[in-house]
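Quick note on labels: first sequence line is chain A, next is B, and so on, each numbered from 1.
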There are 2 protein chains.
Amino acid sequence: MIRVLLADDQHLVRQAMAALLSFEPDIEVVAEVERGDLVVAAVAEHRPDVVLLDIEMPGRDGLSVAADLDVKVIILTTFGRPGYLRRAMDAGVSGFVVKDARAEELAAAIRDVCAGGRVVDRRLAAASRTTGACPLTARERAALRAAAGGGTIADVAARLFLSPGTVRNYLSAAIRKTGARNRAEAARIAETNGWL
Amino acid sequence: MIRVLLADDQHLVRQAMAALLSFEPDIEVVAEVERGDLVVAAVAEHRPDVVLLDIEMPGRDGLSVAADLDVKVIILTTFGRPGYLRRAMDAGVSGFVVKDARAEELAAAIRDVCAGGRVVDRRLAAASRTTGACPLTARERAALRAAAGGGTIADVAARLFLSPGTVRNYLSAAIRKTGARNRAEAARIAETNGWL
DNA sequence: GGGCGAACCTGACGAATGTCACACGCGGGG
DNA sequence: CCCCGCGTGTGACATTCGTCAGGTTCGCCC
């Protein structure tokens, strides 16, 4: 029996996914978690064989959680952003499945991963090869993320404890590197690539 | 037996939701659709009692689909945006459930709606009362939506066949009405309220 | 018909933004 | 050791953006 822990912030999706997996005779959902910051404790308590992790959760980011777990992890997310896949691989996850997959694919991925394999969504793997790594430095990312919400330069500078001129330089660099024509577009491009 | 049609763009979520509803003895999922523009034909073919509609789908928006259906509709969406609820009500839907609800709530909503009732998520109804209606005119909305992607004023003007000055005026009005300090923030505010 | 608001447009002005050149300190790799 | 890239900062400049005041044309309602 493969013991699975489910982490997803939407209750209905979590229950539904559990219902779906209950049809698999060799898979058992032993726990459900709705916040990223509760996953580590739940894993310690329930000792699952595989953790299904959503990325966007309250409390803590699924990708950073994955880096702290030493059980096998499958990222199960809505958004097939190339950057997500890359970061997930860096975090040492064993599988990456998008929520548009078939139920059989998910079950197969769980079995494969449990047996020591690695499973990655095909289309995403292809997209990841073409998109390449994030060209932004850590500070540029931070500045772009802070600016994405719609704040002004002064806001970003205040939040990052930087001089406004520096923020402008970072954003300018981000705009150039993403090939965008202004902050908003740069933020959108970085967002869809999973660079933020 | 209550006949249900499921419309959601994510295959796994759709299958999982069907699995969840299969545990309810009086509910039967008779069809699944993955695109908004296929819902009307599927309803004509399968004659469900209730349609579960996601909002954000490829092909066609769930809210506009709802307006064309004369069966009972429950909107089932991730995003509890007040504006979505308002537009859903205008479209004549019978229920509005967020994906963070419990499975029992969803089943209860299906039964209530099938019996002629109306079901609306409590927290969302409260939020909807405080937020109020969308203050933007149709053109302002269009301009803001076109600008949200990150394009420049000239881009928006070209896409809407308007003069750049007019676009600036619309965006300025949108910024004023949303209480934002620039386009990006206005777009974000309108987005979270479901006004776009 | 008169008033009103929305859709369109123009022109002008100040403020914010994007770009560039340049400067300094720091750490890592050749 | 010395260079290079990164983080940090400054100042100047052109462009874009946000605002305002004004104008014309509709259609709708009283």
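Taking every heavy atom of both residues into account, Ala88(A) and Ile75(A) meet most closely at CB-CG1, 4.1 Å.
No donor-acceptor distance shorter than 3.5 angstrom exists from the side chain of Glu140(B) to the backbone of Leu136(B), with no hydrogens or angles considered. Put simply, the side chain of Arg87(A) gets close to the backbone of Gly194(A): a donor and an acceptor are under 3.5 Å apart.
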Where along nucleotides 7-20 of chain C does protein come under 4.0 Å, by heavy atom, of base (B) or sugar-phosphate alone (S), with - for untouched nucleotides?
-> SSBB-B----BBBB
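Note: CD (Glu185(A)) to P (dC17(D)) measures 11 Å, nearest angstrom. Residue Leu144(A) contributes atom CG, which lies 17 Å from atom C1' of dG7(D) at whole-angstrom precision.
Heavy-atom neighbours of Arg35(B) CZ from other residues, nucleotides or ligands within 6.0 Å: above the threshold of 12.
Residues Asp9(A) and Asp100(B) have side chains not in contact (no heavy-atom distance under 4.5 Å, counting atoms from C-beta outward).
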